[in-house]
Novice: 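Shown below is the structure under consideration.
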Amino acid sequence: MNARMKETGLIDNIKNIYRRISHAAMRVERNPEDVKLIAVTKNVNINIIKEAIDWGLRIFGESRVQEAKEKIEELSRFVHDVLNYTQISWHLIGHLQKNKAKTAVQLFDLIHSIDSLELARELNRHAEKNGKVQRVLIQVKLSEEETKYGIQKEGLMNLIMAVSEMKNLRIEGLMTIPPFFDNPEMARPYFIELRELRDKINSLSIMHYALQELSMGMTHDFEVAIEEGATMVRIGTGIFGER
Ligand SMILES: *Cc1c(COP(=O)(O)O)cnc(C)c1O
């Protein structure tokens, strides 16, 4: 990260990100309000998260269930004191193991990382027990990298059809993580591809409602993602600095 970010405070980073979101949206004649900022708080200290809440951030993304659980519990009293807790939304953006499905359903408003039928079934089962309709995104793997999670394109339609039959899950859209490129322009084809997949699913009417969300774009490439239709950008470093 550049030296400037370390010297400026959290509020400057947040303002800067919002400004860049607006500019990217306006370049392609989108409404900036159609892009939700998910502040990624993995490895971020609880006091910094409180400060971020004070500065108006409301949606937080965590990669790991256990880390999220500790923070959410610790923050719940603080949040209750300063504002209505329901205003804060927690998203799971990292890979989810089946054995954490139960806890995930208890903690998260939106789970970005559904990538298998087995995981979806497990989530649906726990959501039903909790009397909850769990909002989810399907994570799509668009690159050949071995390390990335996500369902391959070939299996996507079948997974969507199966999950859309599950009473206690509601698919809201798609998520992807392109490979890291020094030049964010190189990520553009992946963002285009995710948008086209969503539009194809909607045009085939394989579900009885349309998918809205595209969760794509991180600190180094979110402007390109917004130009290609991102409705949720997941930003950690750009807000909280290097951790
Ligand atoms: C960590 C993480 C982010 C945020 O990355 P930054 O480069 O810090 O903005 C976004 N999405 C996922 C899935 C992550 O794990």
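Start at 1 and go down the list; that is how both ligands and their atoms are numbered.
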Novice: With heavy atoms of T237 as the reference, note each atom of ligand 1 found under 4.0 Å away.
Specialist: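 Counting atoms of ligand 1 from 1, those under 4.0 Å from T237 are 6 (P), 7 (O), 8 (O), 9 (O).
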Novice: Tell me whether M175 has any N or O atom under 3.5 angstrom from an N or O of ligand 1.
Specialist: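 No, since none of the N or O atoms of M175 sits under 3.5 Å from an N or O of ligand 1.
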Novice: Would you mind listing which atoms of ligand 1 come within a distance below 4.0 Å of any non-hydrogen atom of G236?
Specialist: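 What qualifies from ligand 1 is 4 (C), 6 (P), 8 (O), 9 (O).
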Novice: Test of understanding: clusters of I, L, V, M, F, W, Y form through side-chain heavy atoms closer than 4.5 Å, transitively. Do V140 and I192 belong to the same one?
Specialist: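 No, it is not one cluster - the side chains of V140 and I192 are not joined through contacts under 4.5 Å.
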Novice: So which heavy atom in the protein is nearest atom 5 (O) of ligand 1, and how far is it from that ligand atom?
Specialist: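 Checked against all protein heavy atoms, atom 5 (O) of ligand 1 sits closest to M218 CE, 3.4 Å.
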Novice: Regarding K71 and E74, does a basic nitrogen lie under 4.0 Å from an acidic carboxylate oxygen?
Specialist: no
Novice: Nearest to atom 6 (P) of ligand 1, what protein heavy atom do you find, and at what distance?
Specialist: T219 OG1, 3.4 Å
Novice: Measuring from atom 4 (C) of ligand 1, which candidate in R234, E242, E62 has the nearest non-hydrogen atom?
Specialist: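 It is R234 that holds the nearest heavy atom.
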Novice: At what distance, to the nearest 0.5 angstrom, does CD of E228 lie from CG of D221?
Specialist: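 With rounding to 0.5 Å, CD (E228) is 11.5 Å from CG (D221).
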Novice: Taking the six-membered ring for Trp, is the centroid-to-centroid distance between F108 and W90 below 6.0 Å?
Specialist: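 No, the ring of F108 stays outside the 6.0 Å limit from the ring of W90, centre to centre.
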Novice: Calculate, to the nearest 0.5 Å, the distance between atoms OG1 and CE belonging to T237 and M218 respectively.
Specialist: 7.5 Å
Novice: Side chains of Y190 and L194, heavy atoms from C-beta outward: is any pair under 4.5 Å?
Specialist: no
Novice: Are S63 and ligand 1 in contact, using a heavy-atom cut-off of under 4.0 Å?
Specialist: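 The answer is yes, since S63 has a heavy atom less than 4.0 Å from ligand 1.
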Novice: With no hydrogens and no angle check, do the side chains of N124 and R121 hold a donor and an acceptor under 3.5 Å apart?
Specialist: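 Checked: N124/R121 side chains show no N/O donor-acceptor pair below 3.5 Å.
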Novice: Of the backbone atoms (N, CA, C, O) and the side-chain heavy atoms from C-beta on, which set of K42 has a member under 4.0 Å from an atom of ligand 1: side chain, backbone, both, or neither?
Specialist: side chain
Novice: List every atom of ligand 1 that sits less than 4.0 Å from any heavy atom of I177, numbering the atoms from 1 in the order shown and giving each element.
Specialist: 13 (C)
Novice: For I235, counting its heavy atoms only, list the atoms of ligand 1 lying under 4.0 Å from any of them.
Specialist: 9 (O)
Novice: Would you mind checking which non-hydrogen protein atom is closest to atom 12 (C) of ligand 1, with the distance to 0.1 Å?
Specialist: I93 CD1, 3.5 Å
Novice: K132 side chain to V105 main-chain N or O, any donor-acceptor pair under 3.5 Å?
Specialist: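 Pair found, side chain donor or acceptor close to backbone of V105.
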